[in-house]
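Working notes, beginning with the structure itself.
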Amino acid sequence: MGEKIMYDTIFARSFSRYDQKKLGYGAFLACFLIALSFSTVFKPYLGPLTVNKRLSINDGLKMVRANDTISSNATFFSNVVISFNATVEMVSDGSSNMSSTSRNDTIGSSTSSSKTLGFNYNNGVIRNDTRLMPVLEINNGSSSQQGQGGVPEKIIEPICNIQGRTEFCEMNGDIRINGKSSTVLQVGMMTENSSWIIGPYARKGDREALSHVTKWRVKTGVKDGDNGVHQCNRYHGVPAVVFSLGGYAGNNFHDYTDIIIPLYLTSRRFNGEVKFLITNKNPWWINKFKTILRNLSHYDPIDIDNEQQVHCFPTVIIGLKRDPKELTIDPSRSPHSMKEFRQFLRTTYSLKKTTAVKLTNNNRKKRPRLLILSRKKTRAFTNTKAIATMARTLGYKVTIAETDSNVAKVAETINACDVMMGVHGAGLTNMVFLPSNAILIQIVPIGGFEWLARTDFEEPSKGMNLRYLEYKIKTEESTLIQQYPPYHEVIRNPGAIAKQGWDAFKAVYLQQQNVKLDIHRFRPILSRAIELLHE
């Protein structure tokens, strides 16, 4: 103690009060620089600070669910680790933006008690559809299952998702497909034993359509040697897509909205290096759309229902992705668009015309081409020749054609036209081959078709960069007036027929009705189309 007092006295005598203060500040600054140098040198060896919060599994999963609408500038943690001892550890090491959308994360028919998120794993980032989501690593609580360097291995979970009108699962790893039992197994992965039932046809909720679709069982968490796990007989080095040709396949509208466009959305990213496994095979359908199938896949389709071998793939998608709306690809929800799809069709069928004719007052010799879609059975024009004659007086070149299963010929005929008209029906679906800025004229029969006309063709035409015109016939223009008296419910109150169900509505208004257009009343519609071609 005495020595300390003596030292302080000497120190006080050796330095003035001002010098002591300067020396103290210098010492503080030196300590700060030493600490800063230490942290800079050893920063790479220091792990990030973690915030631990004990939550239930359900609460933890809710933190990464994407059910609710999320604003486009929402920021997320980019690394989420969920362990089965109910501890959720979040490490904030980045963020990603996500478009505003509403989405489900579980498949309704899951028979597992564990949650399965609708996320797609790609390069360490979970994706649902095309949007970035937080990385999800699921540990089983066992410290013995470690990867290289003692780091827990990431588990590749299957993606099972319901998106409006469809459901699909995407699986990675050792994926085995047994066509005889309609099962898809993910073998050898560190996953919970889970099972889903999927009807691989993109019209979720339509009982009539799905009653004609084979149901497939998707199972995870199985191991070699387990009961029902067969060895691979044939290994494929490319991904596979499993889809059905049941449902309403064969109806041209449903061929495109339920199968062709969803198949494009699902498989386009593979650039042809993908195999199609078809359940409920329909040889007529495959032959009709063989050119499209060949441009989406470099391989022949496999009739998986009749395969005796167990086929193995590194990636399998069961079911097809599709937009909730008919004949639509929403570019805000997908990396693709209807513009891109229509360009794909033009390339596939070598279609020459990309844009409809542009009329000018200086060149009156240029005449637009009008296609009148004719039908033989129902909703046919009974005065087609009179319509064509009137159209020619307005300056149109007129083509009258009925569509058939020769898609290449149909595509060429429609692509050559600037205006296409027809009664509401599957034939109007061929508007996908019209050039940009062309005009679609939909003739709407009596019977309450307004909703169908809007959702099936009017709204989709906008995404195809087409102009749309509509003509609603009067009762006098329907042949139903010849079959029923004016006071009958079929004529007076179509809503009463609709209340009896789709079959009753279809039997009367779709199958019994033809159209005799009032030429004078319809003429302004064709005149308006010419005006649009001047714009």
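All figures in this text were calculated on a predicted structure; none of them were measured in a lab.
Every residue two or more places apart in sequence or in another chain that forms a side-chain contact (heavy atoms from CB on, under 4.5 Å) with Ser527 is listed here: Leu394, Arg523. Taking Phe381 as the reference, nothing meets the ring-ring contact (aromatic ring centres under 6.0 Å, His included) condition, with sequence neighbours excluded. Legend: residues meeting side-chain contact (heavy atoms from CB on, under 4.5 Å) with Lys376, ordered by chain and number and at least two apart, are Glu402.
Side-chain atoms of Asn415 and Tyr349 form no donor-acceptor pair, as typed in the model, at a separation below 3.5 Å. Residues Ser244 and Asn280 bring a donor and an acceptor atom of their side chains to less than 3.5 Å of each other.
For Thr378 against Gln511, the heavy-atom pair with the smallest separation is CG2-O, 3.0 Å. In terms of heavy atoms, Tyr256 sits closest to Val407 at OH-CG1, 3.8 Å.
You'll find the ring centres of His336 and Phe341 outside the 6.0 Å limit.
Residue pairs meeting the salt bridge (charged side-chain N to carboxylate O under 4.0 Å, His left out) criterion with at least one member in residues 524-533, sequence neighbours excluded: Arg528-Glu531, Arg528-Glu535. For the salt bridge (charged side-chain N to carboxylate O under 4.0 Å, His left out) condition, no pair includes a residue of residues 388-399, sequence neighbours left out. Among pairs with a residue in residues 270-295, those fulfilling salt bridge (charged side-chain N to carboxylate O under 4.0 Å, His left out) read Asp255-Lys288, at least two apart in sequence or across chains.
Around CD of Gln512, the count of heavy atoms belonging to other residues, nucleotides or ligands within 6.0 Å exceeds 12.
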